[in-house]
Amino acid sequence: MSDRNEGRASDRGRVYQASGDQHIVEHHHHGAEWSGPDSVRHPAVGRAPVVLRDRAELMERLKTAVALSTAHQVFVLHGLGGCGKTAVAYTLFQYATAEAGRIGFWVNASEGPSLRAGMLALAADRGASEGELMAARSGMRAAADLVWEYLDGSDQPWLLVLDNADDPAVLRDGGWLRTSPRGTVVVTTRQAATHWWPAAELLHVGVLPRAEAAQVLCDLAPGAGTADEAAAISDRLGRLPLALTLAGGFLAHQVIQPWTMTEYGRRLDGEHGADAIDLIDQGSLGTGHDSRHLVSKTWQLSLDSLTDQGIPEATHLLRLLACYSNDPLPLSVFADADLGPDLPATRVELALRGLLDHSLTELVTSGGVRCIRTHGVLLDSIARTMCEEQREMLVAAAVGLVSAALPDTVERGQRDGRLGLLSPHVHGLLQRAVDWSTADPAIAQSAAECALRLAIAQHFTSDYSSALSTAAQAADMAQRRLGESHPVVLRLRQRVGRSLFRLGRFEESETVIRRGLEDCEREFGAAALDTLRSCAHLAFTLSLLGEGPEARALLQRVVAGRTTILGRSHPATLVSRLGLLEMEGAELEEEIGNAPVLIEECHRELGPDHTITLAAEANYAYALFLTSRLVEALPRIRMALGKHEDRYGPDYPVTLNLRLHLSRLLGRLGQRAEAVEQAEMVVDAWTRILGPSNPWTDRAKEYLEEIRDATERP
């Protein structure tokens with residue numbers, strides 16, 4: 001063994017040679033001596049807002065605190081990614097440093113290393129020595145204690161912005177978030193859970209109002225369109241500040257063939273095969289490819305955080321929500337929901353809580369119903385990332401949940417708040433099932449059946465305009481996937497015709513229903529129940545249009561067919577049988593003779609308070625009126641009117657028709673003063689409900705004028 005020692009050193013390393021025992025301690029610092037931010041005195045933002053729109057009340061609260069040098073105050077600006085929290089903080093920062101006489105500090109709090117480096121740089125700015133900073137960096141001194149010692153001892157008041165603190169654990173680890181007598185702290189975060197922010201004042205930052213959102217686009221691209229066009233684009237973008245900023249930036253920087261806002265809107269709606277999210281992200285020029293500045297990626301930061309927290313089911317739940325509309329969705333939809341291994345029933349609550357805490361959805365109350373609402377751009381962004389297999393599985397699950405939430409029965413004449421809340425989601429589901437063209441047609445059929453159930457329920461509650469809109473839109477969408485002859489498409493067309501009739505559009509109703517009858521006869525046969533249903537609808541429409549003979553013949557066909565298929569006492573058969581009592585003609589005398597037996601049958605089979613039983617009694621009274629049995633008809637029609645008013649209310653269409661029949665009957669009996677009074681009530685109701693120019697209103701007005709003229713004549 002040699003007595004000589006050999007060694008090599010590199011960079012700043014040194015070689016020691018000695019005899020005997022040596023204990024050598026040496027610290028080597030490799031690379032740059034400073035790895036902190038270039039500045040903590042200037043906001044590190046991708047694109048500063050041209051003008052901060054709308055946030056007047058929020059800014060007033062923050063400016064007041066800064067101007068009064070409020071001590072020991074922490075404000076937490078929370079909300080969905082891209083909603084403008086950093087823009088609010090930036091505007092406050094400019095005010096604090098330019099007008100309120102404060103020093104401003106801006107620290108990126110998105111992750112531990114950037115937060116630590118920024119806060120130590122802040123301490124250096126406030127006078128910490130290199131030795132103190134070295135001790136803090138090496139762990140020989142508590143870094144947060146050092147920083148806050150210098151902040152508390154600052155000779156000038158300050159404002160500290162901790163930006164993008166989406167993981168509050170980063171701030172809690174080491175105690176980085178504190179209060180001070182010398183300054184105010186503002187935190188921007190997506191994390192809305194109050195337990196993360198004890199003693200802080202939480203301020204929500206949401207999307208912009210419509211006018212202010214439109215103005216953001218006009219600020220950025222003033223020559224691209226009018227305020228109204230900008231408002232339409234802002235609606236399509238859900239008035240999300242990030243999306244508005246990107247859209248405005250895109251429109252402002254086009255060179256070869258600049259688009260108008262109208263053209264941009266058409267592309268957002270998919271014209272020329274454009275992908276809306278890709279189009280929005282094209283406005284990120286100049287901001288780099290930071291995920292926070294792209295609507296296609298910014299949400300993933302929150303989902304990754306939730307996965308890291310052990311809640312991967314939150315991603316699955318958000319994908320499920322992407323099958324629905326961005327309107328408020330009743331929480332009851334998720335009651336007892338079990339969506340398989342990716343989202344078992346025991347984890348739905350936890351997943352939803354995670355989405356709420358990270359501002360990926362929000363709790364709202366609509367019509368007294370607790371709901372969640374998720375931004376449309378977020379839903380579109382999530383939907384486009386789903387593979388075909390995921391789409392098919394999720395839209396099928398979403399349809400199942402809404403189908404279970406739709407009411408099985410709806411009381412006639414009574415509004416049901418669930419219908420209005422579920423309506424946009426039924427439409428959204430059908431749109432997804434049709435647009436995701438590789439999905440199983442059975443899924444589109446299930447979604448269309450939900451729309452049919454919704455339209456029928458809306459019709460029963462007298463919301464005929466909504467029923468018409470639901471059925472017409474659903475029929476058009478379902479036809480693209482299922483074909484125009486599919487049974488559910490034809491049934492939706494039937495509902496269109498029926499709703500047109502109830503809205504007083506009788507000629508349109510006849511056209512739609514007659515075509516539907518022809519389609520049903522061709523597809524199902526002359527004796528099928530769907531065909532007979534179309535026959536019944538057409539019969540009632542023709543009767544009102546004065547085509548009595550054809551109407552009676554059609555309804556007799558319905559009675560015969562339903563009796564054969566369903567039986568004489570089936571509710572559908574009973575409805576068609578009692579419908580004959582409304583048809584004028586020679587056969588009416590025979591129908592009147594059979595009416596007491598029919599009413600007794602309804603009482604026995606359905607009960608005295610059933611809708612069909614009440615209708616039978618009303619139709620019998622009307623038949624007596626048609627055959628001039630006025631004295632006999634009067635007490636029966638008064639009784640029928642009273643029962644309908646008690647059951648359905650004074651504004652239900654059948655109630656109003658009965659009141660008009662009563663007025664006509666009173667007029668025929670010479671009791672013209674009460675006849676006028678009853679007719680005026682009908683005209684007032686129809687005018688209030690349907691408007692002054694609706695055909696039902698016009699018919700009532702015409703009769704009112706007639707009975708008034710008759711009353712005034714000697």
Side-chain angles (χ1 to χ4, degrees), residues 411-414 459-462 464 498 501-504 506 539-541 543-544 551 555 574-584 588 591-592 595-596 598-599 602-603 606-690 694-704 706-707:
E411 184 66 28
R412 288 181 181 270
Q414 294 185 7
H459 187 100
F460 277 17
T461 61
S462 305
Y464 303 122
R498 196 65 180 148
F501 172 82
R502 285 298 185 187
L503 289 169
F506 308 121
F540 290 117
T541 304
S543 176
L544 195 139
L555 199 54
L574 291 172
V575 167
S576 53
R577 288 170 60 193
L578 65 90
L580 290 170
L581 290 168
E582 298 182 76
M583 306 291 175
E584 295 188 61
L588 188 54
E591 300 297 340
I592 289 177
L598 174 59
I599 293 174
C602 291
H603 275 263
L606 305 173
D609 297 323
H610 194 277
T611 299
I612 295 175
T613 305
L614 296 181
E617 293 172 345
N619 284 13
Y620 182 35
Y622 181 59
L624 292 171
F625 166 71
L626 290 176
T627 56
S628 299
R629 301 175 186 181
L630 306 182
V631 175
E632 186 180 354
L634 183 58
R636 290 186 176 277
I637 203 165
R638 285 192 189 277
M639 180 181 67
L641 174 59
K643 287 184 176 181
H644 278 77
E645 191 166 18
D646 290 343
R647 179 72 174 274
Y648 305 121
D651 292 339
Y652 187 59
V654 177
T655 306
L656 292 174
N657 285 337
L658 282 170
R659 191 177 299 282
L660 193 61
H661 293 332
L662 174 61
S663 177
R664 292 180 184 277
L665 177 55
L666 291 167
R668 292 272 298 276
L669 288 170
Q671 301 179 33
R672 292 173 180 167
E674 186 183 355
V676 169
E677 180 184 346
Q678 296 290 345
E680 287 175 339
M681 293 172 65
V682 175
V683 170
D684 290 344
W686 279 135
T687 301
R688 174 168 36 84
I689 297 167
L690 299 176
N694 185 273
W696 291 104
T697 310
D698 290 340
R699 285 171 177 264
K701 284 180 177 178
E702 290 173 5
Y703 169 70
L704 177 59
E706 291 175 8
I707 192 63

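Quantities reported herein were computed from a predicted structural model and do not represent experimental measurements. Residue numbers run from 1 in the order of the sequence given.
- Counting only heavy atoms from C-beta outward, the side chains of L666 and L634 approach each other to under 4.5 Å.
- Taken from CG in L690 to OG1 in T697, the straight-line distance is 5.0 Å, to the nearest 0.5 Å.
- Here the side chain of D651 pairs no donor or acceptor atom with the backbone of A685 at under 3.5 angstrom.
- Within the model, atoms OG of S663 and CD of Q671 stand 11.0 Å from one another, a figure rounded to the nearest 0.5 Å.
- Here the side chains of L574 and L606 are in contact, with some heavy-atom distance below 4.5 Å.
- Screening residues 614-627 for salt bridge (charged side-chain N to carboxylate O under 4.0 Å, His left out), with sequence neighbours left out, gives E617-K643.
- The shortest distance between side-chain heavy atoms of M583 and F540 falls below 4.5 Å.
- Minimum heavy-atom separation, Y652 to F460: CE1-O, 4.2 Å.
- Looking at every heavy atom in both residues, L662 comes nearest to L641 through CD2-CD2, 3.7 Å.
- A donor-acceptor pair under 3.5 Å is absent between the side-chain atoms of R699 and the main chain of G504, judged by distance alone.
- Under the ring pair (Phe, Tyr, Trp, His ring centres under 6.0 Å) criterion, the residue pairs touching residues 653-679 are Y622-H661, with sequence neighbours excluded.
- Scanning both residues, G579 and L555, for their nearest heavy atoms gives C-CD2, 3.4 Å.
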When you look at V682 and Y703, which way does the side chain to side chain contact (heavy atoms under 4.5 Å, CB included) test go after all the steps?
CA-CA 10 Å; V682 175; Y703 169 70; over 6 Å; no
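- Atom CG of L626 sits about 7.5 Å away from atom CD1 of I592, to the nearest 0.5 Å.
- Between the T613 side chain and the G607 main chain, a donor and an acceptor come within less than 3.5 Å of each other.
- Although no hydrogens or angles enter the test, the distance criterion places no donor-acceptor pair under 3.5 Å between the side chain of N619 and the main chain of L581.
- Taking every heavy atom of both residues into account, P650 and L656 meet most closely at O-CD2, 3.4 Å.
- Rounding to the nearest 0.5 Å places CD of E582 at 10.5 Å from CG of L588.
- H459 and Y464 get closest at one heavy-atom pair: O-CE2, 3.3 Å.
- Residues that satisfy the side-chain hydrogen bond (donor to acceptor under 3.5 Å, both in side chains) test with R659, not counting sequence neighbours, are E645, Q678.
- Sorted by first and then second residue, the pairs that involve residues 620-642 and meet salt bridge (charged side-chain N to carboxylate O under 4.0 Å, His left out), not counting sequence neighbours, are E589-R629, R638-E674.
- Considering NE2 of H644 and CG of L658, their distance stands at 5.5 Å, rounded to 0.5 Å.
- Residues K701 and T687 are in side-chain contact: their nearest non-hydrogen atoms beyond the backbone lie under 4.5 Å apart.
- At least one side-chain heavy atom of W696 sits under 4.5 Å from a side-chain heavy atom of N657.
- By the side-chain hydrogen bond (donor to acceptor under 3.5 Å, both in side chains) test, T611 is found to be paired with Y648, residues two or more places apart in sequence or in another chain being considered.
- Under the 3.5 Å distance criterion, the side-chain polar atoms of W686 are left unmatched by any main-chain donor or acceptor of D698.
- Here the closest heavy-atom approach between residue F506 and residue T541 is recorded as O-CG2, 3.7 Å.
- The side-chain hydrogen bond (donor to acceptor under 3.5 Å, both in side chains) search around D684 returns none, not counting sequence neighbours.
- Between the OG1 atom in T655 and the CG atom in D646 there is a gap of 9.5 Å [rounded to 0.5 Å].
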